[in-house]
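Worksheet: one structure, shown below.
Nothing fancy with the numbering, it's 1 onward along the sequence.
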Amino acid sequence: MADSTKYISHEELGKHNKHGDLWISIQGKIYNVSDWAKDHPGGESPLLNLAGQDVTDAFVAYHPGTAWQYLDQFFTGLYLKDHSVSEASKDYRKLVVEFSKMGLFEKKGHGVFVSLCFIALLLVASVYGVLCSDSTWIHLGCGCLMGFLWIQSGWLGHDSGHYQIMTSRGFNRFVQILTGNCLAGISIAWWKWNHNAHHIACNSLEFDPDLQHMPFFVVSSKFFNSLTSYFYERKLNFDSVSRFLVSYQHWTFYPVMCFARINLFAQSVSLLLSKRKVPNRGQEILGLAVFWIWYPLLVSCLPNWFERIMFVVLSFSVTGIQHVQFCLNHFSSNVYVGPPSGNDWFEKQTKGTLDILCSSWMDWFHGGLQFQVEHHLFPRMPRCQLRKISPFVKELCKKHNLPYDCASFLKANAMTLRTLRTAALQARDLSNPVPKNLVWEAVNTHG
């Protein structure tokens with residue numbers, strides 16, 4: 001009896017990668033997700049970035065086992081011709097199954113409760129210090145506490161966007177809005193839109209928004225060609241202003257990070273006021289409104305403008321530690337030009353990430369990002385389990401001759417500055433270079 005199975009080639013599948021025409025392959029079966037894209041919980045960007053490819057590894061990474069039952073409604077009846085799976089992907093999928101059997105994706109520990117209590121304590125201490133003390137030093141200390149509060153709320157917002165940290169979806173959503181929008185002034189909808197794109201297109205210069213910081217920073221001379229950002233849907237022009245700022249980026253990195261939060265505020269407002277579809281837009285706007293009422297009101301309670309300004313500067317600057325942490329994991333890693341690829345997804349995630357070495361008692365400080373390789377491979381894995389699975393990931397990388405890069409916090413900072421300095425000097429050489437005297441050479445040799 002003749003085989004009635006219908007196949008399409010990789011080339012034919014690759015043609016279905018546009019708005020309104022999104023096809024994907026999962027384990028060799030072809031699915032049409034064109035209509036589903038607008039309702040996809042992770043947004044349309046991840047589907048667009050990987051459309052026209054086999055996306056099995058990404059699907060396995062981001063979806064629990066219960067999601068497989070919903071695929072049939074999108075099945076086209078077609079199969080991918082010459083479908084094959086790399087040995088690395090086979091082992092990766094086996095590891096996902098093993099971790100699922102061990103219940104690691106469900107065991108969240110008590111970290112969320114402790115974090116919420118810590119955040120509440122920081123908020124009460126900061127507000128009490130401002131309202132009930134006349135000491136300038138206490139007021140400035142309260143500004144620092146506010147910065148630490150934002151860092152901890154950021155970790156919870158990050159976790160809640162990847163997996164359900166609370167007992168129900170409704171409660172999870174409440175904590176997202178509370179810790180992100182209300183307490184920190186950052187739209188959780190913006191964060192999920194941005195962060196999902198980052199995970200799918202890790203370290204793609206054109207598709208990963210976490211590497212697109214023009215005009216202040218570039219991590220590669222490839223940006224000098226004015227690449228197009230497919231996330232922001234605009235050209236990243238490397239003009240004279242960008243060239244000047246990039247030329248000194250290894251000196252301006254930390255000062256800019258002290259005020260990077262302003263960009264997050266702006267991005268949040270920009271998304272919520274845009275025509276882009278934003279789930280629960282009303283909740284998002286209300287949450288931001290709460291922040292922009294209580295925080296300026298608290299600042300206004302300080303006795304003079306010096307203390308008000310310093311309170312804001314210190315709260316922003318302390319939170320800058322977290323913005324630096326975001327950069328350390330990727331700035332010095334391998335980058336590439338072009339869209340993410342589904343058939344080497346596992347390899348791209350390991351090559352584009354860097355772990356931070358630290359003792360277990362410092363895990364609270366890094367919020368799980370110290371295990372960046374593990375987090376990118378298993379984004380649904382609760383933070384408290386990342387240290388436990390680290391040896392398995394390390395062994396898998398070793399088996400398939402893939403990098404498992406890690407460095408101390410100080411060394412990671414040095415690596416990041418080295419990357420920025422290399423691009424900065426390339427930008428200077430590209431423009432009209434300043435005369436290089438002995439002083440210039442001495443400064444930039446160790447800059």
Self-check item: Taking every non-hydrogen atom, the tightest pair across Glu347 and Ala88
Solution: OE2-CB, 3.9 Å
Self-check item: Note: Asp39-Lys277 ion pair, threshold 4.0 Å (strictly below)
Solution: yes
Exercise. Answer yes or no: is there a donor N or O on one side and an acceptor on the other, between the side chain of Asn181 and the main chain of Glu284, under 3.5 Å?
Key: yes
Practice problem: Give a yes or no on whether the backbone of Arg421 and the side-chain of Gln249 come within a donor-acceptor separation of less than 3.5 Å. | Solution: no
Quiz item: With Tyr404, which of Val393, Leu396, Leu354 fulfils side chain to side chain contact (heavy atoms under 4.5 Å, CB included)?
Solution: Val393
Practice problem: Count the heavy atoms belonging to other residues, nucleotides or ligands that lie under 6.0 Å from CZ of Phe326, then report whether that count exceeds 12. | Solution: yes
Quiz item: Do other residues, nucleotides or ligands put more than 12 heavy atoms under 6.0 Å from Phe174 CZ?
Solution: no
Quiz prompt | Lys NZ or Arg CZ of Lys108 over Tyr163 ring: under 6.0 Å, within 45° | solution = no
Quiz item: Relative to Phe316, does Arg261 satisfy both conditions: NZ or CZ under 6.0 angstrom from the six-membered ring centre, and within 45 degrees of the ring's axis?
Solution: no
Practice problem: Could you tell me the separation between the CZ atom of Arg93 and the CD atom of Gln27, rounded to the nearest 0.5 Å? | Solution: 6.0 Å
Practice problem: Determine, for Arg234 against Glu206, whether the closest basic-nitrogen to carboxylate-oxygen distance falls under 4.0 angstrom. | Solution: no
Quiz item: Considering residues, nucleotides and ligands other than Asp134, do more than 12 of their heavy atoms fall under 6.0 Å from its CG?
Solution: no
Practice problem: Consider only side-chain N and O atoms of His40 and Glu44, and report whether a donor and an acceptor are under 3.5 Å apart. | Solution: no
Quiz prompt | Exceeds 12 heavy-atom contacts within 6.0 angstrom, atom CZ of Phe238 | solution = yes
